[in-house]
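All figures in this text were calculated on a predicted structure; none of them were measured in a lab. To find a chain, count down the sequence lines: A is the first, B the second, and so on, and within it residues start at 1.
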Amino acid sequence: MENKSLDGLFEDLLQNESLFKNKEVLRPSYTPASLPHRTEQVNTLATILVSALRGDTPSNILIYGKTGTGKTAVARYVGIELERKSDDISIDCSVLYLNCEVIDTQYRLLANLAKHFGEDIPMTGWPTDQVFTKFKEAIDSKKQVIIIILDEIDKLVKKGDDVLYNLSRINTDLKNAKVSMIGISNDLKFTEFLDPRVKSSLGEEEIIFPPYDAEQISDILRQRASIAYKEEVLDEMVIPLCSAFAAQEHGDARRALDLLRVAGELAERENEANVGEVHVRMAQEKIEIDRIVEVVRTLPTQSKLALYSVMLLRNNGHRNVTTGEVYNVYRQLCVNVDMDILTQRRVTDLISELDMLGILNAVVVSKGRYGRTKEIVLSVPIESTRRVLLEDYRLGMLAGFKPVITAQMHL
DNA sequence: CCTCCACCGGAACGTGAGGAGT
DNA sequence: ACTCCTCACGTTCCGGTGGAGG
């Protein structure tokens, strides 16, 4: 192996010219200057929000749609435009964007809101209603319209809807300020768990975002690619292929953008001057593997043990593994890593969960005289999964472990 | 056609952690 | 500080079952 001087290291890498002009454009956080195929939604949203410019309170809005249908982008885009316009005509109007996946408790939400209006609130310690009062005082100090965008609002609801209830009736306590909310959810049914009062107040207006089809995704990609990539680096088939893959994935534009970005990164890494079809396919695979690795890594230990049992059996030459076999191996593993042995009933549930996550395929089959069982087939790449499993400090000691596999009565 | 294997999977219940209310 | 409630995770119990072999 050749030794390079240290400044040669980055020197070389820098000399490979980048294929990108501006990679940020392909990230989900980017809000583009125009949104193809979402004009209808943009207009609806704008129509509802104009009243803010007249100093009135706009209706509360709920936005529904699956991941990657442009909900967040549209909401932010309209929000930016609204603030810009309100500046022009000297109306005090601000739009706040909060992601409830990150800010997932009442307290944090209120603290964040209050902080935005200059109130200094400790991260913890205060009673929740005091924070709420502070927040009200802060905004009511002057005449203004505040629009709060709550992204992934379903995450918040899971932890109780009191905040939403309080926020939705905040206007009755305010003299000067007006508050309205935009909730964004990708779960169509999440209002079912809502207090009826919150439900009706929050959902005064509802906007549904349908998935994009492959054509529409292509348009979006073309628009972004022209900003993100340098001229002529994308092969002809790249965009259609990304779109096709993403369209299969329920029309997820975010996925399409990820594909387009990762394909470019892979091409760059190989010092290619162009991004080609191969890179898109590699990107598709990489994204999928990354997803699986992440899912496996965060599995509870018991599920990891069950999964590892399946892998050991498969390695032993079994093509179709059955529940009974898995359970036998599983018990041995538990003894070895000093974990409690769960009942077979529970383990079948764990296996079903792994099935749902797409890590396994478990099908109930009848073997006639020889009973009825699940046949289990792995649907993940073995080596990378094995590595991830053994990263777990408890499973680590299982490297090289050979289970005693009882002879099959029947083959 | 009946049997009977080796599990499936529903139901009800137990337990402990954590949050809300008081 | 206390109780009460919920929720995730597990267990126990058990009726149910598709089809190869008798």
Checklist entry - Is the number of heavy atoms from other residues, nucleotides or ligands within 6.0 Å of CD (A:E236) greater than 12? => result no
Checklist entry - Does the ring pair (Phe, Tyr, Trp, His ring centres under 6.0 Å) test come out yes or no for A:F20 and A:Y229, once each step is laid out? => result CA-CA 4 Å; A:F20 294 100; A:Y229 282 100; 4.7 Å; yes
Checklist entry - Within the pair A:K367 and C:dG21, is there a side-chain N or O less than 4.0 Å away from OP1 or OP2? => result no
Item to check | Rounded distance (Å) that lies between atom P of B:dA6 and atom CD of A:E325 | outcome: 12 Å
Next on the checklist: Please report the distance, rounded to the nearest Å, between CG in A:D340 and P in C:dG10.
Outcome noted: 9 Å
Checklist entry - Reckon A:R346 has a side-chain N or O less than 4.0 Å from the OP1 or OP2 of C:dG10? => result yes
Item to check | Nearest-Å distance for atom pair CG/P, residues A:N320 and B:dC7 | outcome: 14 Å
Item to check | Separation of atom CG in A:L299 from atom C1' in C:dC9, rounded to whole Å | outcome: 15 Å
Next on the checklist: Side chain of A:V364, heavy atoms from C-beta onward: which of C:dG10, B:dG9, C:dT17 has the nearest atom to it?
Outcome noted: B:dG9
Checklist outcome for this item: Whole-Å distance, A:Q344 CD to B:dG9 P, equals 12 Å
Next on the checklist: Need to verify one output field. Residue with the more 5' nearest nucleotide on DNA chain B, A:G371 or A:S352?
Outcome noted: A:G371
Checklist entry - Would one find more than 12 heavy atoms of other residues, nucleotides or ligands at under 6.0 Å from atom NZ of A:K85? => result no
Next on the checklist: Nearest whole Å is fine: how far is B:dA6 P from A:I351 CD1?
Outcome noted: 17 Å
Item to check | Nearest-nucleotide pick for A:T343, side chain only, options being B:dG9, C:dG21, C:dT11 | outcome: C:dT11
Item to check | A:S366 side-chain proximity, nearest of B:dC8, C:dG18, C:dC13 | outcome: C:dG18
Item to check | Separation of atom CZ in A:R345 from atom P in B:dC7, rounded to whole Å | outcome: 14 Å
Checklist entry - Is the closest side-chain donor-acceptor distance between A:T322 and A:T373 under 3.5 Å? => result no
Next on the checklist: I need the CD-C1' distance between A:E375 and B:dC8, as an integer number of Å.
Outcome noted: 14 Å
Item to check | Donor-acceptor pair under 3.5 Å, A:R369 side chain vs C:dG18 base | outcome: no
Checklist entry - Does A:R261 come within less than 4.0 Å of A:E265, counting only side-chain N to carboxylate O? => result yes
